[in-house]
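Since the structure comes first, as structure tokens, the remarks are kept for the end.
Counting from 1, the numbers follow the sequence of the chain as shown.
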Amino acid sequence: MTEPVQQPSEADLEIVARQLGREPRGVLAVAYRTPDGQPAVVKTAPRLPDGTPFPTLYYLTDPRLTVEASRQEAAGLMRGMTDRLAADPALAAAYRAAHESYLAERNEIESLGTDFSGGGMPDRVKCLHVLIAHSLAKGPGVNPLGDEAVALAADTGLRGTAIPADWPKYEQYQQHSEEGKL
């Protein structure tokens with residue numbers, strides 16, 4: 001479902017700059033491209049060129065996706081997800097595994113000497129932008145709450161344009177949640 005991470009071309013960096021409204025910093029790769037071909041998630045260095053620590057390994061850049069992540073946050077989705085983490089040990093374990101995978105991948109590039117990964121992992125949901133970026137970069141099955149947020153975004157009109165057409169539907173995540181499974 002996801003393509004391999006690609007070194008950014010000059011054209012990619014120009015697109016990302018337009019998407020962000022500023023020059024991107026510390027971009028190592030394009031980690032996810034939308035089905036319509038646009039860079040949408042960049043993989044960033046753990047330390048910016050000026051030496052500033054930057055623990056966000058995957059950064060969401062596509063405006064369609066950033067607007068949707070903000071919409072989901074404003075709708076209160078993070079609160080419900082955090083409540084489910086406290087009530088569902090299987091979900092909490094899968095989310096912790098996503099956190100550990102994120103840290104291991106970032107530490108392979110450069111350790112920041114911290115266990116902060118981003119998005120609130122592993123104990124809460126703080127930023128859907130980070131979780132969506134992580135899920136899109138890695139594909140479904142790595143970050144359960146990121147996957148769920150991507151599925152909701154897909155089902156609200158971004159399927160096939162900003163999100164792969166074959167991404168699981170949001171209702172599948174809700175069924176698994178109700179059954180106590182992932």
Side-chain angles (χ1 to χ4, degrees), residues 1-50 52 54-75 77-78 81 98-99 101-103 105-106 108-110 117-121 125-173:
M1 186 171 288
T2 59
E3 294 181 18
V5 172
Q6 302 171 351
Q7 288 292 104
S9 68
E10 285 301 316
D12 289 333
L13 293 174
E14 288 172 13
I15 291 168
V16 170
R18 281 194 304 275
Q19 291 172 331
L20 297 174
R22 62 170 173 78
E23 289 302 311
R25 301 171 298 161
V27 174
L28 299 174
V30 174
Y32 170 74
R33 289 182 186 279
T34 62
D36 57 11
Q38 297 298 305
V41 175
V42 293
K43 187 174 186 176
T44 59
R47 199 169 298 279
L48 297 176
D50 69 1
T52 303
F54 192 75
T56 305
L57 181 63
Y58 293 109
Y59 198 90
L60 195 62
T61 63
D62 185 292
R64 299 167 293 183
L65 294 167
T66 58
V67 165
E68 176 58 21
S70 296
R71 187 196 68 75
Q72 289 181 20
E73 288 178 358
L77 190 65
M78 297 181 306
M81 288 176 161
H99 161 75
S101 171
Y102 193 102
L103 281 178
E105 187 174 355
R106 187 182 73 209
E108 283 180 24
I109 301 165
E110 179 182 355
S117 59
M121 293 187 282
V125 179
K126 180 181 163 198
C127 179
L128 291 177
H129 297 78
V130 170
L131 301 185
I132 288 171
H134 187 213
S135 285
L136 288 170
K138 303 311 282 181
V142 174
N143 188 322
L145 296 177
D147 292 354
E148 188 176 313
V150 173
L152 181 59
D155 289 356
T156 57
L158 296 178
R159 185 177 304 280
T161 56
I163 296 169
D166 59 350
W167 195 275
K169 294 192 178 291
Y170 184 67
E171 69 186 26
Q172 292 174 268
Y173 293 99

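The minimum heavy-atom distance between G119 and V130, with the atom names listed, is N-CG1, 3.7 Å. Contact record, I163 with A153: CD1-CB, 3.5 Å, taken as the closest heavy-atom pair. The shortest heavy-atom contact between A162 and T34 is O-CG2, 3.5 Å. When all heavy atoms are compared, the tightest approach of V16 to V42 is CG2-CG1, 4.0 Å. A40 approaches L65 most closely through the heavy-atom pair CB-CD1, 3.9 Å. Between P49 and G26, the closest heavy-atom pair is CD-N, 3.9 Å.
Rounded to the nearest 0.5 Å, atoms OG (S101) and NZ (K138) are 6.0 Å apart. Here E73 contributes atom CD and K126 contributes atom NZ; the two are 10.5 Å apart, rounded to the nearest 0.5 Å. Rounded to the nearest 0.5 Å, atoms CD (Q19) and CD (Q38) are 6.5 Å apart. Interatomic distance, CG of L57 versus CD of E108, reported as 10.0 Å (0.5 Å rounding). Once rounded to the nearest 0.5 Å, the distance linking CE of M81 with CE of M78 reads 9.5 Å.
By the side chain to side chain donor-acceptor pair (under 3.5 Å) test, T44 is found to be paired with no residue, residues two or more places apart in sequence or in another chain being considered. Residues that satisfy the salt bridge (Lys or Arg N to Asp or Glu O under 4.0 Å) test with R18, not counting sequence neighbours, are absent from this structure.
In terms of modelled atom types and a separation under 3.5 Å, the side chain of E110 and the main chain of A45 share no donor-acceptor contact. Using a distance-only test at 3.5 Å, with no hydrogens or angles considered, a donor-acceptor pair links the side chain of Q72 to the main chain of A149. Judged by distance alone, the side chain of H129 and the main-chain N or O of T66 form a donor-acceptor pair under 3.5 Å. At least one donor-acceptor pair under 3.5 Å links the side chain of R159 to the backbone N or O of W167. Proximity of a side-chain donor or acceptor of D155 to a complementary backbone N or O of K169 within less than 3.5 Å is not detected. For R106 (side chain) and P46 (main-chain N/O), no donor-acceptor pair under 3.5 Å exists by modelled atom type.
Looking at L131 and M121, their side chains come closer than 4.5 Å, going by heavy atoms from C-beta outward. Looking only at side-chain heavy atoms (C-beta outward), E68 and I132 stay at 4.5 Å or farther from each other. Taking 4.5 Å as the limit, some side-chain heavy atom of R71 sits within range of a side-chain heavy atom of T156. Contact annotation: the side chain of L145 never approaches that of Y173 to less than 4.5 Å [non-hydrogen atoms, C-beta and beyond]. The shortest distance between side-chain heavy atoms of R64 and D36 falls below 4.5 Å. With a 4.5 Å cut-off on side-chain heavy atoms, Y58 and Y102 count as touching. Residues L158 and T161 have side chains in contact (heavy-atom distance under 4.5 Å, counting atoms from C-beta outward).
No option in D62, V41, L136, D12 other than D12 meets the side-chain contact (heavy atoms from CB on, under 4.5 Å) test with R33.
Side chain to side chain, S135 and N143 fail the donor-acceptor criterion of an N or O pair below 3.5 Å.
Ring-plane geometry between F54 and Y59 is classed as tilted, the angle between the planes lying from 30 to 60 degrees on a 0 to 90 degree scale.
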